[in-house]
Amino acid sequence: MRFAKALPFLLGLAQARVVVENWDITYVTTNRGLDQPAKRGIGVNDQLPLPIVEAEIGDTLVLNVRNSLDRPTSLHAHGIFQHGTNYYDGVPMVNGCPIAPGSNFTYEIQLEQSGTYWIHGHASDQNFDGLRTPLIVYDRNDPYPADKEHLFAVEDWWPITIDESLELLQKPGGLGTPFIYPPQTLINGEFGKLTRPLYFEPGMTYRIRLVSMMSLPMWEFAIDSHELYIVEVDGVLTKPKAVNVVRMAPAQRVSVIVKAKESVAANFEYHITVLDDYVLPIPGVYPAQFDGKVVYSPDAPTDIVETIPSEPFDDLGIESLDHEPLLYADRSMFLNLTYGFTAGDIPSETINLISYRDSLVPAIFSALTTGERAINPITYGPQTNTKVAKYNEVIELIFWSPTELAHPMHLHGHVFQVIETGYTNDTTGWSRRRVPSSGFSPLKRDSVHVPQGQYVVVRFRADNPGIWNLHCHIDWHLGLGFNMLFVVGPREMQETMRVPQTVVEQCHIQDIMTSGNAAGHDTYNYSGAPDLPYLQAALPPPLAALQAAGFSV
Ligand SMILES: [Cu+2]
């Protein structure tokens with residue numbers, strides 16, 4: 001699928017353009033054509049799905065937003081570095097203030113990277129309710145030219161809103177579940193079962209872009225009797241890697257190159273399989289299989305394959321195309337990915353037992369207005385779990401998931417090398433896998449899947465001054481506090497960053513402070529700052545009883 005709006009790209013125009021999108025963010029009550037009750041979703045210009053955004057490397061994307069909701073909103077361009085424009089990264093109370101109801105705000109986003117990205121809401125998990133769409137940045141000098149492109153953007157659609165599902169999840173004792181309102185799958189904005197045919201012509205080369213806009217499950221893509229060559233992962237070009245199937249965690253993107261067969265004697269099937277990795281199997285919901293036709297000739301018979309391949313994504317077996325070697329880590333951070341219970345047995349998600357809460361001052365303003373104190377993590381409030389990185393230092397993160405939950409971990413403003421995996425309970429080292437320390441360029445990406453009971457080690461160079469979120473991309477987990485902040489190069493921020501008045505204005509109209517520490521003070525005084533949520537030592541009685549009965553909780 002190549003879209004009309006990419007016309008200047010097809011004509012090979014040389015100049016960088018300004019791509020303008022005018023988005024009125026509105027409530028849209030819809031069931032998305034699914035066999036389930038309608039709910040109040042969040043769309044653009046009274047429509048769901050949102051328009052797909054296409055541009056070319058070097059372009060400026062201007063997103064003119066009007067907030068017609070009765071609550072704050074914001075947009076985040078997922079995977080876009082925002083070099084020098086941290087204030088357009090779109091996380092409320094981190095990169096600035098949310099967009100107030102009834103007001104307008106313009107994001108000006110420099111597209112310095114080509115590849116496959118997406119734009120989604122970052123206020124109150126509004127992407128769960130539909131505020132999400134692919135962002136494709138083309139490069140006419142792409143080293144992997146293809147004759148044609150196809151896109152598969154896959155999302156889950158729940159008959160309840162994010163607010164309703166978080167209310168259920170926060171019932172005391174962990175006894176509420178949104179799964180009593182099971183979701184369904186949308187492929188390119190349509191009901192999954194309407195899977196449209198892919199038309200292949202003999203000898204042609206196709207680039208297939210996969211975008212996971214899922215709030216919860218993983219999914220897989222495969223084409224019978226065709227090899228897929230992975231060439232892009234989260235916007236980063238890779239050495240070609242032949243696979244039979246690609247597994248996608250929430251927020252991840254992958255491009256594959258597929259060579260069409262020379263013959264039109266047979267048609268084939270492609271498969272999108274929604275897995276139950278992040279959830280319990282729900283009969284009729286997860287796992288779910290969607291089969292589409294790969295059509296060479298309308299008259300040809302379809303070759304049906306009995307076994308559809310299924311395997312984990314091999315982050316450690318794929319190399320980045322840029323030949324960057326394994327980074328040497330200046331500092332290592334252990335990040336325990338667990339849940340806990342706050343007062344009253346209320347479920348809460350945590351990193352190192354800290355459940356994130358916003359400060360009273362957006363972190364970007366704390367970094368810019370507190371002088372020398374900006375290098376001290378406490379300036380941003382203990383409840384934000386902030387780490388301050390020196391400009392250009394290499395940080396190693398050990399994502400450690402000792403529980404029965406898996407987490408797709410996403411870092412803003414950077415890509416990280418994925419360098420080691422293993423099981424958290426493995427004392428022998430038999431499960432440990434690590435990339436070679438030389439002669440190998442580890443895969444870089446911005447969102448990595450951390451499986452249940454496993455750990456994943458990543459490294460990144462903190463080369464992008466700004467405030468960057470590191471969070472789980474399961475909307476519910478983020479909504480329950482699974483988030484932390486990196487302040488990269490606070491000195492460099494103070495020297496170079498000038499926040500546009502339009503950003504400051506949004507804070508002013510919502511009476512949000514724009515200077516001082518987490519509590520708005522110009523000293524080391526934090527009185528009035530939000531409390532660090534207190535986590536109970538004991539499991540709530542119902543879960544403790546389950547654990548005593550031998551269940552893993
Ligand atoms: Cu999570």
Side-chain angles (χ1 to χ4, degrees), residues 76 78-79 91 94 118 120-122 124-128 132 154-156 158 162 165-166 168-170 174 176-179 183 212-219 234 247-252 274-280 286 312-313 315 333-342 346-357 384-385 397-412 416 418 421 423-424 445-458 468-486 533 535 543 552-553:
H76 167 63
H78 184 119
V91 186
V94 174
W118 59 307
H120 64 77
H122 221 303
S124 313
D125 282 329
Q126 287 171 356
N127 43 320
F128 184 92
R132 51 193 177 192
V154 181
E155 60 189 305
D156 44 355
W158 296 71
I162 184 65
S165 53
L166 284 175
L168 282 166
L169 286 164
Q170 290 179 94
T177 173
F179 285 107
S212 183
M213 308 198 298
M214 290 286 204
S215 289
L216 190 63
M218 304 235 279
W219 54 284
D234 293 354
R247 185 177 293 182
M248 306 283 293
Q252 294 184 329
V274 184
L275 306 175
D276 54 14
D277 261 52
Y278 284 95
V279 294
L280 298 170
Y286 297 136
F313 193 85
D315 292 272
M333 294 179 190
F334 178 85
L335 302 177
N336 189 18
L337 314 178
T338 56
Y339 58 85
F341 293 85
T342 53
I346 306 299
S348 185
E349 291 289 342
T350 76
I351 300 176
N352 290 347
L353 299 179
I354 295 175
S355 186
Y356 176 92
R357 300 290 184 275
T384 59
N385 198 3
L397 304 174
I398 302 165
F399 294 125
W400 187 267
S401 178
T403 72
E404 295 296 305
L405 298 175
H407 305 285
M409 297 301 297
H410 170 49
L411 175 63
H412 289 214
F416 42 60
V418 186
T421 62
Y423 287 92
T424 53
R445 65 184 318 169
D446 61 48
S447 305
V448 72
H449 169 57
V450 182
Q452 299 89 331
Q454 297 189 36
Y455 69 88
V456 176
V457 183
V458 304
W468 306 107
N469 282 69
L470 174 66
H471 65 92
C472 176
H473 224 288
I474 292 177
D475 297 336
W476 296 338
H477 292 181
L478 176 58
L480 297 180
F482 207 129
N483 187 18
M484 63 184 287
L485 303 182
F486 275 91
L535 292 178
L543 290 185
S552 186
V553 296

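Numbering of ligands and ligand atoms starts at 1, following listing order. These numbers come from a predicted model, not from an experiment. Scope of the values below: all heavy atoms of this structure, side chains included, with no hydrogens, waters or symmetry mates.
- Not counting sequence neighbours, the partners of I398 by the side-chain contact (heavy atoms from CB on, under 4.5 Å) test are S332, F334, E396, W400, V457.
- Only one option out of L470, T421, V418 pairs with F399 in a side-chain contact (heavy atoms from CB on, under 4.5 Å); it is L470.
- H412 and H471 are linked by a side-chain donor-acceptor pair at a separation below 3.5 angstrom, with hydrogens and angles left out of the test.
- Here CG of D446 is found 4.0 Å from NE2 of H78. Values are rounded to the nearest 0.5 Å.
- Of the N and O atoms on the side chains of D475 and N127, at least one donor lies less than 3.5 Å from an acceptor on the other residue.
- Around the Cu ion (ligand 1), the protein contributes the following N, O or S atoms at distances under 2.8 Å: H407 ND1, C472 SG, H477 ND1.
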>> Go through it in stages, so that I can follow the logic: the residues are R445 and S447, the test is side chain to side chain donor-acceptor pair (under 3.5 Å), and I'd like the CA-CA distance, side-chain angles, deciding distance and then a yes or no.
In response: CA-CA 6 Å; R445 65 184 318 169; S447 305; over 6 Å; no
